[in-house]
Protein chains: 2
Amino acid sequence: MNVAESLATIDHPALRRIAALAPLGADERSLLHTAMTRNLRTVPARRDLAIEGRPVDQPLIVLEGWAFRSRILNDGRRLIFDFLVPGDLIGFCAHKNPLAMTTISTLNPVTVCVAPQPLDDSVGEGLAEAYAVSHALEQRYWLRQMTRLGRLTAYERVIDWALEMFERCHVGEAVWPTSLRLPITQEVLGDTLGLTSVHVNRTLKALMRDGLLQIAGGKLTLLDRERCTRIAGIQQARVSGASLYR
Amino acid sequence: MNVAESLATIDHPALRRIAALAPLGADERSLLHTAMTRNLRTVPARRDLAIEGRPVDQPLIVLEGWAFRSRILNDGRRLIFDFLVPGDLIGFCAHKNPLAMTTISTLNPVTVCVAPQPLDDSVGEGLAEAYAVSHALEQRYWLRQMTRLGRLTAYERVIDWALEMFERCHVGEAVWPTSLRLPITQEVLGDTLGLTSVHVNRTLKALMRDGLLQIAGGKLTLLDRERCTRIAGIQQARVSGASLYR
DNA sequence: CGCGTTCTTGACTGCTTTCAAAGATGGTGG
DNA sequence: CCACCATCTTTGAAAGCAGTCAAGAACGCG
């Protein structure tokens with residue numbers, strides 16, 4: 001691996017996010033790098049990466065694009081559990097013969113690679129730790145989603161969700177940008193927040209009017225992060241002593 | 001230990017539930033049995049077994065009593081994520097230095113024991129599998145909870161939740177009893193379903209009027225399981241996840 | 001440029017909450 | 001055994017947040 005490749009890979013958002021979860025050795029980074037440059041698969045937008053109830057196959061890493069986990073009720077109602085962005089893991093299961101618990105669908109073209117397995121105790125300890133922390137974070141997001149759906153108003157839900165998206169996309173980074181590209185419609189956001197798209201629209205208008213945040217043109221912009229954080233007001237528990245958050 | 005004790009333990013709901021998750025060898029049952037008769041700890045009602053943000057200590061098995069996982073917002077709003085009943089596991093984490101993601105509080109006196117660790121690959125494979133399946137089930141319940149909170153009406157939420165409680169308490173059992181003792185108030189149920197206790201009360205009245213189920217005197221009774229299943233059945237996943245198009 | 005998707009807005013409906021107060025329940029001590 | 005108290009349940013009236021329905025405007029892609 002030459003220097004140019006090394007730099008390019010180190011800058012890859014997916015690798016950056018995974019590396020932020022646990023300290024990785026040079027050999028582990030190399031394992032990841034190899035996986036990320038081979039066995040790539042790109043799935044077009046609006047396709048399923050997994051279908052609820054079907055057997056889970058190889059564990060994957062999302063390298064490019066966005067996807068979401070959802071469930072659709074018999075009468076058509078849909079709930080979106082969460083989004084998968086570069087650096088997220090798919091299909092890790094500790095037990096035998098696992099079945100997919102949710103459907104995973106792409107929002108735009110998604111590139112994945114097979115997640116490398118830890119080789120032995122020396123090469124892979126950090127990797128295993130990173131996978132475990134990634135899983136713990138996912139659980140934390142699910143708890144936060146339950147709290148949003150169960151106890152926050154529409155206004156609060158949008159704010160809290162927006163902050164979470166920044167967190168997810170910038171794990172371990174000291175500074176957040178002020179905006180984030182989102183390939184999602186208001187309908188998708190509604191199904192994520194347990195609202196109708198009409199009410200999402202009205203709520204977004206109110207949030208912009210109040211100078212808190214803006215979602216327009218496929219871009220989420222935090223207009224007043226300070227005030228958003230205060231309104232969301234949910235205490236955030238850290239999952240690990242490691243300094244993932246500041 | 002005399003025979004009577006042994007029989008009593010084999011019939012113990014906690015052991016029965018864990019054994020239903022994966023085939024356990026005689027030595028593994030023995031490990032569990034030893035753990036379940038030593039190092040017991042009983043915590044009174046209305047105490048915390050864990051506090052969000054604090055370090056997680058030994059993994060535990062609930063032997064007796066009920067507890068719940070919750071989060072309380074700054075202004076006092078509370079969401080209950082799920083309930084822990086005999087046979088449920090607490091404090092299993094794959095990564096280092098884990099912190100509790102939720103507070104766990106007891107509803108009545110709860111007896112726990114330390115969960116035995118698998119000894120090696122021969123004695124413990126089934127145990128490890130049981131723990132993994134238990135964890136997967138927990139995640140499944142969380143997804144179901146998100147769906148309830150995000151997309152079901154109050155009426156549907158109560159029904160779906162009631163069926164889930166029977167499922168949780170009778171994992172792997174062919175026949176369900178028609179009723180279940182629940183040490184929970186309507187206030188607790190409201191915080192579980194994202195409703196006010198007042199509306200829970202009204203909804204319960206409606207469900208009883210419609211002959212579907214009854215929650216009274218600390219007992220949940222399924223009056224018409226068939227019809228309840230049909231109403232909650234909207235939660236059954238559709239095979240065609242393909243998602244964006246309705 | 002044209003068409004389908006997405007966004008926006010208004011009017012109306014309705015599920016759920018809020019507020020308040022009375023009634024039931026269960027445990028405790030006299 | 002009963003009085004007493006705290007907790008929990010129940011009910012009504014009014015208000016509010018979010019959903020529904022509908023239609024026009026804006027956007028983006030080919």
Side-chain angles (χ1 to χ4, degrees), chain A residues 44-46 73 75-80 107-109 148-161 181-210 213-221 231, chain B residues 44-46 66 73 75-80 105-109 148-159 161 181-210 213-221 231 243-246:
Chain A
R46 296 163 179 259
L73 309 190
D75 60 0
R77 282 177 285 182
R78 178 177 70 172
L79 186 80
I80 293 177
L107 285 161
N108 50 16
R148 263 197 300 267
L149 295 174
R151 280 296 180 235
L152 299 195
T153 65
Y155 196 85
E156 295 165 330
R157 282 184 216 182
V158 175
I159 294 173
D160 185 68
W161 175 85
R181 289 208 54 78
L182 304 173
I184 69 175
T185 64
Q186 294 181 0
E187 173 106 32
V188 167
L189 188 48
D191 287 342
T192 304
L193 301 178
L195 304 168
T196 59
S197 61
V198 171
H199 199 62
V200 165
N201 185 280
R202 295 197 169 108
T203 307
L204 289 178
K205 284 276 164 292
L207 287 165
M208 204 165 74
R209 177 202 63 203
D210 298 346
L213 58 83
Q214 186 176 16
I215 301 183
K219 213 171 61 172
L220 159 62
T221 307
I231 291 174
Chain B
R46 295 163 179 264
W66 283 48
L73 308 190
D75 60 359
R77 282 177 285 183
R78 177 177 70 168
L79 186 80
I80 293 177
S105 315
T106 57
L107 285 161
N108 49 16
R148 263 196 300 266
L149 295 174
R151 281 295 182 235
L152 299 196
T153 64
Y155 196 85
E156 295 164 332
R157 282 183 217 183
V158 174
I159 294 172
W161 174 85
R181 289 208 55 79
L182 303 172
I184 70 176
T185 64
Q186 294 180 2
E187 174 107 33
V188 166
L189 188 48
D191 287 341
T192 305
L193 300 178
L195 304 168
T196 59
S197 62
V198 172
H199 198 60
V200 164
N201 185 279
R202 295 195 169 109
T203 307
L204 289 178
K205 284 276 164 291
L207 287 165
M208 205 166 74
R209 176 202 64 204
D210 297 347
L213 59 82
Q214 185 175 16
I215 301 183
K219 212 171 61 171
L220 160 62
T221 307
I231 292 174
S243 31
L244 289 168
Y245 310 104
R246 299 275 173 96

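Chain naming here is simple, since letters A, B, ... match the order of the sequence lines and numbering starts at 1 in each.
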Quick one: which protein N/O atoms are closer than 3.5 Å to N/O atoms of nucleotides 22-28 of chain C? Pair and distance per line, please.
none

Give one of base, sugar-phosphate or nothing for B/T153, where a contact means two heavy atoms less than 4.0 Å apart.
-> sugar-phosphate
Distance in angstrom units between A/E156 CD and D/dC17 P, rounded | 11 Å
Rounded distance (Å) that lies between atom C1' of D/dG28 and atom CG of A/N108 = 16 Å
Between C/dT18, D/dT7, C/dT16, which nucleotide gets closest to the side-chain atoms of B/R46?
-> D/dT7
Starting from P on C/dT8, measure out to CD on A/Q214 and report it in whole angstrom.
-> 10 Å
For residues 214-221 of chain A, which side-chain N or O atoms pair as donor and acceptor with protein atoms under 3.5 Å away, sequence neighbours left out?
none

Sequence neighbours excluded, every pair satisfying salt bridge (charged side-chain N to carboxylate O under 4.0 Å, His left out) that has a member inside residues 183-201 of chain B | A/R151-B/D191, B/R78-B/D191
Could I get the full list of side chain to side chain donor-acceptor pair (under 3.5 Å) partners for B/D210, not counting sequence neighbours?
-> B/Y155
Quickly work out the B/L152 CG to C/dC15 P distance and round it to whole Å.
-> 15 Å
Pairs meeting criterion salt bridge (charged side-chain N to carboxylate O under 4.0 Å, His left out) with involvement of residues 192-201 of chain A, two or more places apart = none
Over how many whole Å does the gap from B/L195 atom CG to D/dC17 atom C1' extend?
-> 14 Å
Produce the list of close N/O pairs, under 3.5 Å, pairing protein atoms with atoms of nucleotides 9-12 of chain D; give distances to one decimal.
residue, atom, partner, partner atom, Å
D/dT9, OP2, B/Q186, N, 2.9
D/dT10, OP1, B/K205, NZ, 3.2
D/dT10, OP2, B/Q186, NE2, 2.8
D/dT10, OP2, B/N201, ND2, 2.6
D/dT10, O5', B/N201, ND2, 3.3
D/dG12, N7, B/R202, NH2, 2.7
D/dG12, O6, B/R202, NH2, 3.1

Sequence neighbours left out, cut at 3.5 Å: what donor-acceptor pairs do the side chains of residues 195-207 of chain A make with other protein atoms?
residue, atom, partner, partner atom, Å
A/T196, OG1, A/H199, N, 3.2
A/N201, ND2, A/Q186, OE1, 2.9
A/T203, OG1, A/H199, O, 2.7

Measuring from A/L107:CG to A/I80:CD1, what's the distance to the nearest 0.5 Å?
-> 7.0 Å
Would a distance-only check, ignoring hydrogens and angles, find a side-chain to backbone donor-acceptor pair under 3.5 Å from B/T106 to B/P44?
-> yes
For A/H199 and D/dG16, give me the distance from atom NE2 to atom C1', rounded to whole Å.
-> 11 Å
With sugar-phosphate meaning primed atoms plus P, OP1 and OP2, does A/G190 contact a base, only sugar-phosphate, or nothing at under 4.0 Å between heavy atoms?
-> nothing
Would you mind reading off the bend of the helix from C/dC1-D/dG30 to C/dG30-D/dC1 from its two end axes, five pairs each, to 10 degrees?
-> 50°
Atom CG of A/D75 and atom C1' of D/dG19: how far apart are they, to the nearest Å?
-> 14 Å
Only counting residues at least two apart or in another chain, list the ones meeting side-chain contact (heavy atoms from CB on, under 4.5 Å) with B/S105.
-> B/D48, B/F68, B/T103
Is any side-chain heavy atom of A/L149 less than 4.5 Å from a side-chain heavy atom of A/L79?
-> yes
In chain order, what residues pass the salt bridge (charged side-chain N to carboxylate O under 4.0 Å, His left out) check against B/R77, with sequence neighbours excluded?
-> A/E156, B/D75
Is any side-chain heavy atom of B/L193 closer than 4.5 Å to a side-chain heavy atom of B/L152?
-> no
Base, sugar-phosphate alone, or nothing: which one does B/G194 contact when heavy atoms must sit under 4.0 Å apart?
-> sugar-phosphate
To the nearest Å, how far apart are A/R209 CZ and C/dT8 C1'?
-> 15 Å
Is there a donor-acceptor pair under 3.5 Å between the side chain of A/R148 and the backbone N or O of A/R157?
-> no
